[in-house]
> 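Quick one: this structure, given as structure tokens, is what I'll be asking you about.
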Amino acid sequence: MSKRLSCKALSCLLFLINAACSDKPPQKMSILLPFDLPQAVIPQDNPLTKEKVRLGRYLFYDKRLSGNGSMSCASCHQPALAFTDGKRVAVGSTGELHSRNTPTLVNVAYMHPLTWSSPLIQELEQQILIPLFSDTPVEMGVSEHEHTILEALRTQEPYPALFEAAWPGQEDAFDFNNIVMAIASFVRSILSFNSDFDLYAYGAQDTALSDSQLRGLNLFMSEKLECHHCHGGINFSQSSTHALNNASDKPFHNTGLYNLHNTGDYPEVDRGLFDVTGLQEDMGKFKAPSLRNVALTAPYMHDGSVDSLREVLDIYAAGGRDMRAGVYAGDGRLNPHKSVFVRPLQLSETDIEDLLQFLHALTDKSILMNENLGDPWLNN
Amino acid sequence: MLILAFSAWRLSLFKPLSFLTQESVISAETTALQLRFDTVRRTGTGAPVIKDLRFYVHDLQLLASDGQVFPIHLDNADGEHGIALIDMSRQRSVPLPARVSSATLSADINAVAFKLGVPFALNHANPLTARTPLNESAMYWVWQQGYKFFKLDSTSASGEGVSFHLGSAGCESESALRPPIVECRYPNRVSIVLGLSGSEGLVIQVNPWVVLQAMQNHNMNLCSAAANFTDACAAALSLFGIDPVSDRCVGDCRIQQVFTAKIMADADE
């Protein structure tokens, strides 16, 4: 296979540009994207600055930011796994199991809405409150430990200087609103456009994809498979938006993974959009996740119930998942709420192999070791 | 009309109730009101242990038989909406210093009313920059982008955690980048009206046990959504007067069973 991972000239990614000199107040930063890609939309009340990104990176990797000091964002969003955790479902700081699989954070600046199924949570500043403060289940368990945590940060180097640089002159910058804004800023800087697919699609390098990967790409985009219908856009998710477009209204779909009691129900622990809206038609609807680095983010689906990409493709080929046994038995292929775009496909063994090869071409290895994104405490 | 509906209930005739006494008159205009919240006592083996019981109330009023409405001003509540967070996790009885118009002294007060929850206008703002009592992080209901109106966490006799969280659900924002500007599909903001009789001090009793019992009957240890979401939620919310089908209060939530008003002498001490 002709893999070209050389990183030269234009394809060498993301430079963080900041017009400010160090003695000037922080200034809005713009991220220079390769291939003239459109910018992500950044909320006006939290402009991106280099100072906030730097502070946010320390916070993202800091276990002090949890109720019992055992967990940081990076405990679940690990850079080596494209900011996922390799677990079926996430495990919180007190050992409680989440009902959901940890999604990637790569290019999440382009994702609206956030989480697997909430139409309400549009911005990172809102989303980040969940791991920090939620109690169903407890993730980082910050609730009612805010004071202790802030006191610990206040005296921890290099925070005093980092907070001061991010909010110069603010009387007391150590508060959770600022913490959330800084983490959101760092998360927005987790960007990747250096996969073989990017080199081929945006970089116009004809040799970046193998023949098999090209066949897989064409299948993925074909009317026959309809994958792109839900997995379109910059992140192969209909929920990806950027400065030049808008996300679709209700980017949530039932893909026929369950069909409890043949009534179309999903397991009560997680019924997707239905749990937010209470509308029967929203049963089992989830966001089409980003497929960037998908080869690194197993297991798959909202509940991590599918172990491999091969199995994901088998489910799509069958037009849903037929669970013959167990508490969740039921033929998902017949789920009445299933999207019309998920239906039995005639896929040959070669087709499946080509699709797999294509999905592997979405991996950007440079993101995994990017020196601007790793754990800053290790170098201290 | 909400208020007229109560005239039928009343007993004491044009005699001021004694939780408002002449001694409590603060000025010609205002009178101190002795008000407190109590948890209904429950003893015996096998009772769950309550770990957290907190709820928001606002818009408290005394209602008179002739239809007059007297707002109750809470001394420690913040802001124009007079929202208070009643925290019964550590104590069974929570006094709530308040004052009312002195005109209540000559009125035939026959009910106390309040709303359980956070007003819509304040429910969906950034909680990190909110003021007391809306800055209480345990009450953030972040996945629904609002507050828990009523938070009940307990441990059953067998050591299992059982939680019931009430708040607005089914909210949709008009624009992707704005909080909801139209009321949520399931506001779950409950209007409580409690009839009164007796003497000496007003006590509002809250009964978490019926809620836990309802959850236990349905073998569920978490209800954190709206009424029609699960059978356990439906059963628990109906105790607040919320109908599982319409997800609205039936008869102004008057059929609710969680709160009762007592007069101090009658309340179990």
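Letters A, B, ... are given to chains in the order of the sequence lines, protein chains preceding strands, and every chain is numbered from 1.
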> Please give me the minimum heavy-atom distance between A:Glu144 and B:Ser137, naming the atom from each residue.
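Closest heavy-atom pair between A:Glu144 and B:Ser137: N-OG, 3.2 Å.
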> Heavy atoms only: give me the nearest B:Trp143-A:Ile121 pair and the separation to one decimal.
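Answer, listing the atom of B:Trp143 first, then A:Ile121: O-CD1, 3.8 Å.
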> Any heavy-atom pair between the side chains of A:Asp135 and B:His165 that's under 4.5 Å?
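Yes. Closest side-chain heavy atoms under 4.5 Å.
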> Is a side-chain N or O of B:Arg185 found less than 3.5 angstrom from the main chain of A:Gly278, in a donor-acceptor match?
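No, the answer is negative, given that no donor and acceptor are paired below the 3.5 Å cut-off.
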> List the steps, then state whether side chain to side chain contact (heavy atoms under 4.5 Å, CB included) holds for B:His124 with A:Leu120.
CA-CA 10 Å; B:His124 303 281; A:Leu120 282 178; over 6 Å; no
> Measure the spacing between CG of A:Asp175 and OG1 of B:Thr129 and express it to the nearest 0.5 Å.
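Result: 9.0 Å between the selected atoms.
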> Which residue out of B:Glu136, B:Arg54, B:Met139 racks up the most heavy-atom pairs below 4.5 Å with chain A?
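Max contact count across the listed options: B:Arg54.
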> Taking atom OH of B:Tyr140 and atom CG of A:Leu132, what is their separation to the nearest 0.5 Å?
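With rounding to 0.5 Å, OH (B:Tyr140) is 10.5 Å from CG (A:Leu132).
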> Checking A:Thr136 against chain B: side chain, backbone, both or neither under 4.5 Å from a heavy atom?
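It is the side chain, since no backbone atom gets that close.
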> Against chain B, label A:Glu125 side chain, backbone, both or neither, depending on which of its atoms sit under 4.5 Å from a heavy atom there.
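When you check distances to chain B, no heavy atom of A:Glu125 falls under 4.5 Å.
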> Under 4.5 Å heavy-atom distance to chain B, tell me which part of A:Glu268 shows up: side chain, backbone, both or neither.
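Only the side chain of A:Glu268 comes within 4.5 Å of chain B.
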> To the nearest 0.5 Å, what is the distance between CD on A:Gln126 and CG on B:Leu128?
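Nearest 0.5 Å value for the CD-CG distance: 11.0 Å.
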